[in-house]
Amino acid sequence: MNYLDELNPSQKEASTQIDGPMMVIAGAGSGKTKVLTYRISYLIENNIDAFNILALTFTNKAAGEMKHRISQMIGGNESKNIWMGTFHSIFARILRIEHEKIGYPSNFTIYDTQDTKSLIKTIVKEMGLDDKLYKPNVVYSRISSAKNNLISAQDYLSRVEIMAEDRSSGRTRLGDVYLEYQSRCFKSGAMDFDDLLFKTNVLLHQNPDVLLKYQNKFKYILVDEYQDTNYSQYLIIKSLAARFENICVVGDDAQSIYSFRGANIENILNFKKDYPDYNLYKLEQNYRSTQNIVNAANSIISNNKNQIEKKVWTANEEGELITVLKSFSDNEEGKQIANDIFNIKNNEQANNLDFAILYRTNAQSRSFEEAFRKLNLPYKIYGGLSFYQRKEIKDLLAYFRLTANNNDEEALKRIINYPKRGIGKTTLDKALVCANQNKTTIWNVLENPMSFGFNCNSGTANKIDSFISMIKSFKAQLTTKNAFDLAHEIAKSSGVLNDLYSDRTPEGIVRHENIQELLNAISEFSESQSNETNLQVHLTDFLIDVALLTDADSEKEEDKDKISLMTIHAAKGLEFPYVYIVGVEENLFPSQLSLNSRTELEEERRLFYVALTRAKKKAVLSYAVSRYRWGNFTSCEPSRFIEEIDEQFLDIQVPTSKISTFSKPNNVRKDFANEKIYNTNRNLKKVSTIKNQKLDNSDLDKIKIGTEVNHEKFGKGKVVQLLGDTPNVKATVYFPSSGQKQLLLKFAKLQILN
DNA sequence: CCAGTACTTAGGTTG
DNA sequence: TAAGTACTGG
């Protein structure tokens, strides 16, 4: 137990309270994760069974890091028995076990945000509502915040104040959309992210026996980032902890930056009401940053009215002043900072990974990317599109999903005509209407068209039939083949692999590689699982949590030593020796949309606090006086946040040179000239290839499988397949130059060769 | 069915 | 500016 010696007195007190409710208010950089991991280890050393511990985090990454640290302290085998993970993954696991109690199949699909928005769009269209008024984003956020406050669709429709809100915004039918959305999800055997928490609440409240079972299981509960929990999460924790009240929550009200998503700081402030005999621990010593940084951060956060009193302090050295950097434009901001980093690297032997650029919006990354490339500084952008959200990955996953759960409407819509198999929008819309009329799923309609009075022409019927048969044949292999073999089989037989392989553009090659990477991931997953259980791993096992995965933890080796570019939200929980907070301007940071209310402005200020407290050694605040936004130049003023910092901590720089405005005008002009010539050449080429051919309809009948043809754009090719009846014959033609294409003969103007 | 064009819209983002 | 969707002509 010598590890307890590594803790300061308050950390130690917090780590060694075994029983009873407790709250830890942990200032930035005060060793919050350390307390959590040490406390769990301490519990286990004091004979608390690891099976009785539940540890909830906000991100996969946080859960992963904590697991890793604990397994180093107490050994891997014991630490595996702790239920540790995000709210969503833990409660999805419980819902799959208890699925019968809420009427869902155990292999229910988890809809991600894209699926959700797509379904909302479909419903808004079906109900004949104005899609300008009922934008997917707006509808989704209304539904989501209702769910996070445990308001069901029925409750929503009966709440006077909510109805009044929707009436005043003109969206009187929003409650009906919510109702239909829930019923569609239920029919499809699907839950969205918010449902995972909502249904857990329903499960626990309607089934006292289930509640008791998990209360007895989770005798010790720990919650990280408590300031970011919403009402739905709060109530789950409260219910589970009600029997033993061995609950430990850790958070920092000053770092609450997700209230726009339903997070509720009140949960921290109300803790003492729920558990009057709780113990409060404050971690106030910052081990991360210099005095100047800590003091500057304190001086800015003191402008917020709503906060728990605490004094964050540090015993670290005073350190350098915080530099305030002015630029004339966003491009110059990038160049100045790139130069600065270049110099520090040379003078102080710093690594790339010691630097981070933090911005308010993703769009700001561009000028830095350009400047870093020019100086050959390696960088990595965090955020953006994750691996599992890429189109090709989602497509293949949709095949897996539909195979596991035939009623998954969003999966079916995604792939019924990908790769192109001639089941178009018209057919799909007709099937959807039919399914709604018969209160069933599209799958059922397509599987049994006759019994639902669904008719279409024989060609389409055949295509639908072979699609259904294909999925069924995959389904038959769910329990006979292992995950990797079936996944590979589906990728091949569905035509996805071929479709991507035929695209030889650089983007197409990347897509093909991504599919290979997904297959590799499944293979790795199978191996890691089967080692433990010695059973065959099935595709459904892989599918279970795939919607909850993010690729934050899939960092590649070659990405290790790079400058980090990310939004401040993404930087939460991280630290860097050198931090550049950029675009510190009014209307950008704080964001324009936050200026209407005190609460939103205070959240921006907390965001700034988070940004500043990421820095260990040196922080730079940078602003530009003009910035390119949405296609034109806007002039900017420095942010109020700079003024709010006590001046004694700042070193305000006056720009010495206008790097971008006057340097090398000749080169710029030359580049521009080259660009123009290049464009002109391209246009000429394009014009010269356009030929005007007359097409003779009588020739169409002469085209057979194997006929060699010429196409005005794709060049020479060979007919592989013919589908449909005249005059709507569709030909599949293989062009050596551009791959396989499907063309309607009456439009394609094919020239018969030979 | 495919591909090009006209038009719209723009925040931060864990699961 | 850039990206995404809806429409249209071949």
Side-chain angles (χ1 to χ4, degrees), chain A residues 56-63 85-92 110-113 116 121 131-132 135-137 141 144 148 191-197 224-225 228-230 233 257-263 330 358-364 366 382-386 388-389 391 417 419-426 545-550 552 566-573 587-594 600 603-604 606-607 610-611 627-633 686 692-693 695 711-714 723-724 728-733 738 741-750:
Chain A
L56 296 165
T57 62
F58 238 70
T59 62
N60 288 316
K61 200 170 155 194
T86 63
F87 278 85
H88 292 87
S89 68
I90 295 286
F91 296 117
I110 299 172
Y111 277 175
D112 68 13
T113 328
T116 298
K121 236 169 137 179
D131 59 0
K132 293 260 154 39
K135 287 185 196 155
N137 273 327
S141 83
S144 172
N148 288 333
M191 292 193 204
D192 64 22
F193 291 136
D194 302 317
D195 283 332
L196 295 173
L197 306 173
D224 192 11
E225 307 280 10
D228 285 333
T229 51
N230 59 38
Q233 290 163 325
I257 54 174
Y258 284 107
S259 77
F260 71 94
R261 232 168 36 193
D330 46 355
L358 306 183
Y359 34 74
R360 182 65 180 82
T361 67
N362 277 312
Q364 287 166 255
R366 227 194 65 183
Y382 291 77
L385 203 59
S386 86
Y388 288 97
Q389 298 192 43
K391 185 191 172 303
N417 200 30
K420 298 272 187 293
R421 49 175 71 87
I423 308 173
K425 214 167 112 50
T426 333
D545 282 340
V546 80
L548 301 174
L549 290 181
T550 49
M566 62 181 93
T567 62
I568 299 160
H569 283 91
K572 196 175 172 192
N587 297 327
L588 181 61
F589 194 13
S591 143
Q592 216 166 356
L593 292 107
S594 71
E600 284 197 68
E603 176 144 324
E604 294 282 311
R606 290 193 296 271
L607 193 56
V610 168
R627 181 173 292 277
Y628 214 51
R629 281 178 106 178
W630 296 334
N632 44 42
F633 271 108
K686 218 174 176 178
N692 218 356
Q693 295 175 324
L695 117 142
H711 185 271
E712 68 179 30
K713 267 196 212 108
F714 304 136
L723 283 171
N728 293 316
V729 183
K730 189 179 77 183
T732 307
V733 187
S738 44
K741 298 273 179 226
Q742 315 221 20
L743 305 163
L744 234 58
L745 284 189
K746 64 175 172 181
F747 293 135
K749 292 183 185 169
L750 292 179

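Side-chain atoms are counted along with the backbone in the values below, which use heavy atoms only and exclude waters and symmetry mates. Labels below follow one simple rule: chain letters A, B, ... track the order of the sequence lines, proteins then strands, and each chain is numbered from 1.
The only member of A:Asn60, A:Ile110, A:Thr86 that meets side-chain contact (heavy atoms from CB on, under 4.5 Å) when paired with A:Leu548 is A:Ile110.
Which of B:dT14, B:dC2, B:dG11 sits closest to the side chain of A:Phe58 comes down to B:dT14. Considering only the side chain of A:Glu600, B:dG11 comes nearest among B:dG11, B:dC1, B:dG15. Checked against B:dA10, B:dT14, B:dC1, the side chain of A:Tyr258 finds its nearest nucleotide in B:dT14. Of all nucleotides listed (B:dG12, B:dT14, B:dC1), B:dC1 comes nearest to the side chain of A:Asn417.
In this structure, OH of A:Tyr388 is placed 16 Å from P of B:dT14, rounded to the nearest angstrom. Rounded to a whole Å, the CG atom of A:Asn137 is 14 Å from the P atom of B:dT13. Between A:Lys135 atom NZ and C:dA6 atom P there is a gap of 14 Å when expressed in whole angstrom units. Rounded to an integer number of Å, the gap from A:Lys572 NZ to B:dG15 C1' is 14 Å. We find that CZ of A:Arg261 is positioned 10 Å from P of B:dT13, with the value rounded to whole Å. Here the P atom of nucleotide C:dT5 and the NZ atom of A:Lys391 are 11 Å apart, to the nearest Å. Computed from coordinates, the A:Asn148 CG to B:dT13 P distance equals 18 Å when rounded to whole Å. Note: CD (A:Gln389) to C1' (B:dT13) measures 10 Å, nearest angstrom.
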Candidate pair A:Thr229 and A:Phe58, rule side chain to side chain contact (heavy atoms under 4.5 Å, CB included), full reasoning: CA-CA 9 Å; A:Thr229 51; A:Phe58 238 70; 4.2 Å; yes
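For A:Asn587 (side chain) and A:Gln592 (main-chain N/O), no donor-acceptor pair under 3.5 Å exists by modelled atom type. A donor-acceptor pair is defined here as one N or O able to donate and one able to accept, closer than 3.5 Å; no such pair exists between the side chain of A:Ser591 and the backbone of A:Leu588.
A salt bridge does not link A:Asp194 to A:Arg261: none of the charged nitrogens lies less than 4.0 Å from a carboxylate oxygen.
Residue A:Arg366 places at least one side-chain N or O under 4.0 Å from the OP1 or OP2 atom of C:dA2. Contact check, A:Asn362 against B:dT13: a side-chain N or O comes under 4.0 Å of OP1 or OP2. Between B:dT13 and A:Thr567, a contact under 4.0 Å exists linking OP1 or OP2 to a side-chain N or O. Regarding contacts with the backbone of B:dT14, every side-chain N or O of A:Lys61 stays at 4.0 angstrom or more from both OP1 and OP2. Remark: A:Asn60 is in phosphate contact with B:dG15, judged by side-chain N or O atoms under 4.0 Å from OP1 or OP2.
The shortest non-hydrogen separation linking A:Ala263 to A:Asp228 is CB-O, 3.4 Å.
When each of A:Leu593 and A:Lys420 is assigned the nucleotide of DNA chain B with its nearest heavy atom, A:Lys420 is the one assigned upstream, toward the 5' end. With the nearest nucleotide of DNA chain B identified for both A:Ser89 and A:Thr361, A:Thr361 has the one nearer the 5' end.
Nucleic acid contact for A:Asp112: none, since no nucleic acid atom lies under 4.0 Å from a heavy atom of the residue. Nucleic acid contact for A:Lys132: sugar-phosphate only, since backbone atoms but no base atoms lie under 4.0 Å from a heavy atom of the residue. Among the heavy atoms of the strands lying under 4.0 Å from A:Glu604 is at least one base atom, whether or not backbone atoms are also near. Contacts of A:Thr113 with the nucleic acid, taken as non-hydrogen atoms under 4.0 Å apart, include base atoms.
For C:dT1, the base has no donor-acceptor partner in the side chain of A:Arg629 [N/O atoms by modelled type, under 3.5 angstrom]. A donor and an acceptor atom never sit less than 3.5 Å apart when one is taken from the side chain of A:Ser591 and the other from the base of B:dG12.
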